[in-house]
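Just below is one structure, and these are the notes that go with it.
Atoms within a ligand are numbered from 1 in the order they appear, just like the ligands themselves. Counting begins at 1 with the first residue of the sequence. Fair warning: this is a prediction, and the values are worked out from it, not measured in the lab.
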Amino acid sequence: MSVSKVTSLGEVADAEHSAPHAYRAAVIGTGFMGRVHAHAVRAAGGEVVGVAGSSPDKAERFRAAHRAGRAHADALELLGSDDVDVVHVCVPNHLHAPLSLAALAAGKHVVCEKPLATDAATAREMVDAAREADRIAVVPFAYRFHPMAREARALVAAGSLGRLTLAHGGYLQDWLLRPEEDNWRVDPALGGPSRAFGDIGSHWCDMLEFVTGDRISAVSALTARTNDTRAGRPVATEDLVSLQFATAGGMIGNAVVSQVSPGRKNQLVLEVTGTEGSLVFDQERPETLWAGGRGRSTVISRDDPALSADAARLATVPVGHPQGYQDCFNALVADTGAAIAGSAPEGLPVFADGLRAAVLAEAVLTSARERRWVEVAAT
Ligand code: SOE
């Protein structure tokens, strides 16, 4: 008996007789994110038609190691190929706009790594180009795809926390702790003028606004760096951010962002407080969600029978088999495929969310530079 099913790419296929039509992806970039995207494309039932990198040799090594169809020395040649539907841009930040705009001009859908662009004006241009090309254009704020991040959002939307009053938390790492540790993100010409906030503070703010449905309306920020040089070169971008904010919906809050906190690896933590309840989402412990109440507090697991439908759909393996980072990307690509196939999956992060992050990054840098509160448009 054939069993039809809606595949992860939004195509209906007969489970016994045919695979879904391919999600034919080009991956541009052969580093860690290129590997994550390539795996997510295949996990979602698609194929990596080709790969391009910073050198022909890197592209060929990636092709061989990650089962890509072919290696291209020229990214523009690959993204313009007739057998490519979606271009995954996984290169340093300064190349996001030219490659995404070229892909959109070639009629391709785009998944472009965050930050979408190194400034808000360019991000806005990318949003406009995607709309004019009528293409699906996604930016991987992938932590939205942890099931318990969705459950947090559903609890807020259901009014379980009451009126939201406070949000706080932060995003802490230590991979740039030492002065000799350097990376293209440190160079504003490649990474953009904001590093710690642009790179990971953007994730925290996206999670805040995604979970609460609220919008930051004003920021007061301080930035700092622990090393004035890295690998012998002067550093112009921040290691640390301390951020206060107010929201359009009446919350106040703060967040700290660091890439130099010893022992903190990838700790994104959001706590939301309301008049009836609280919640804590910890990205390093994503299998559960703490739900606080005056009389009783609980830890919700992703196999809870009362879990929201949007959270449950992302729980793909039984509890006790932890889901993680790659699962988030797999779900993001699956939902991108569903969007391309014409359905509108809940919570897909699109270029407008990338523009939002760029607007917030500029407000944070302005506030820190001028030592004042900066109003932020709702975008
Ligand atoms: C480095 O800070 C990094 O890889 C970020 O670029 C990612 O967006 C984040 O998810 C993990 O850390």
Side-chain angles (χ1 to χ4, degrees), residues 27-40 88-96 100 111-118 123 138-146 148-149 169-178 181-188 190-211 223 225-227 230 235 237-241 243 255-270 281-286 323-333 349-351 353-354 356-358 360-361 364:
V27 173
I28 302 177
T30 57
F32 169 65
M33 291 317 300
R35 297 196 298 274
V36 169
H37 281 241
H39 185 87
H88 287 247
V89 179
C90 306
V91 293
N93 301 344
H94 67 299
L95 297 173
H96 289 182
S100 297
V111 179
C112 177
E113 263 300 330
K114 36 64 55 193
L116 183 63
T118 54
V138 168
V139 60
F141 286 118
Y143 298 129
R144 294 183 178 194
F145 289 85
H146 282 302
M148 301 317 282
Y171 196 153
L172 307 177
Q173 300 175 328
D174 68 3
W175 67 286
L176 283 172
L177 177 62
R178 307 199 187 293
E181 288 166 331
D182 200 4
N183 180 268
W184 57 261
R185 292 174 179 81
V186 176
D187 181 350
L190 304 181
S194 171
R195 186 214 334 139
F197 184 87
D199 188 21
I200 61 174
S202 55
H203 275 298
W204 192 88
C205 290
D206 179 74
M207 186 62 76
L208 166 73
E209 296 191 337
F210 180 67
V211 165
T223 61
R225 53 177 168 267
T226 57
N227 302 295
R230 286 185 181 279
V235 176
T237 53
E238 80 280 4
D239 295 314
L240 299 162
V241 181
L243 172 67
V256 290
V257 178
S258 166
Q259 296 184 308
V260 292
S261 294
R264 296 301 188 189
K265 301 308 176 183
N266 201 36
Q267 189 190 47
L268 185 164
V269 177
L270 171 68
F281 175 74
D282 179 346
Q283 193 287 134
E284 289 183 334
R285 292 162 185 78
Q323 292 187 201
Y325 181 79
Q326 185 65 55
D327 296 290
C328 289
F329 272 86
N330 298 355
L332 178 135
V333 172
V350 294
F351 273 18
D353 299 301
R356 178 70 185 157
L360 286 168
V364 162

Which atom pairs, donor and acceptor, lie under 3.5 Å between side-chain atoms of residues 31-40 and protein residues at least two apart or in another chain?
from: His37; atom 1: ND1; to: His88; atom 2: ND1; distance (Å): 3.0
from: His37; atom 1: NE2; to: Glu113; atom 2: OE2; distance (Å): 2.7

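We find that Arg356 and Asp206 are not joined by a salt bridge, their nearest charged nitrogen and carboxylate oxygen being 4.0 Å or further apart. A salt bridge does not link Asp187 to Arg195: none of the charged nitrogens lies less than 4.0 Å from a carboxylate oxygen.
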Test side chain to side chain donor-acceptor pair (under 3.5 Å) on Thr226 and Asp239 and set out the steps.
CA-CA 7 Å; Thr226 57; Asp239 295 314; 3.2 Å; yes
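Phe281 and His146 have tilted rings, their planes meeting at an angle from 30° to 60° on a 0 to 90° scale.
Ligand 1 lies under 4.0 Å from heavy atoms of Lys114, Tyr143, Tyr171, Gln173, Trp175, Arg185, Asp199, Ile200, His203, Gln259, Asn266.
Pairing each heavy atom of Leu243 with each of Phe197, the nearest pair is CD2-CE1, 4.1 Å.
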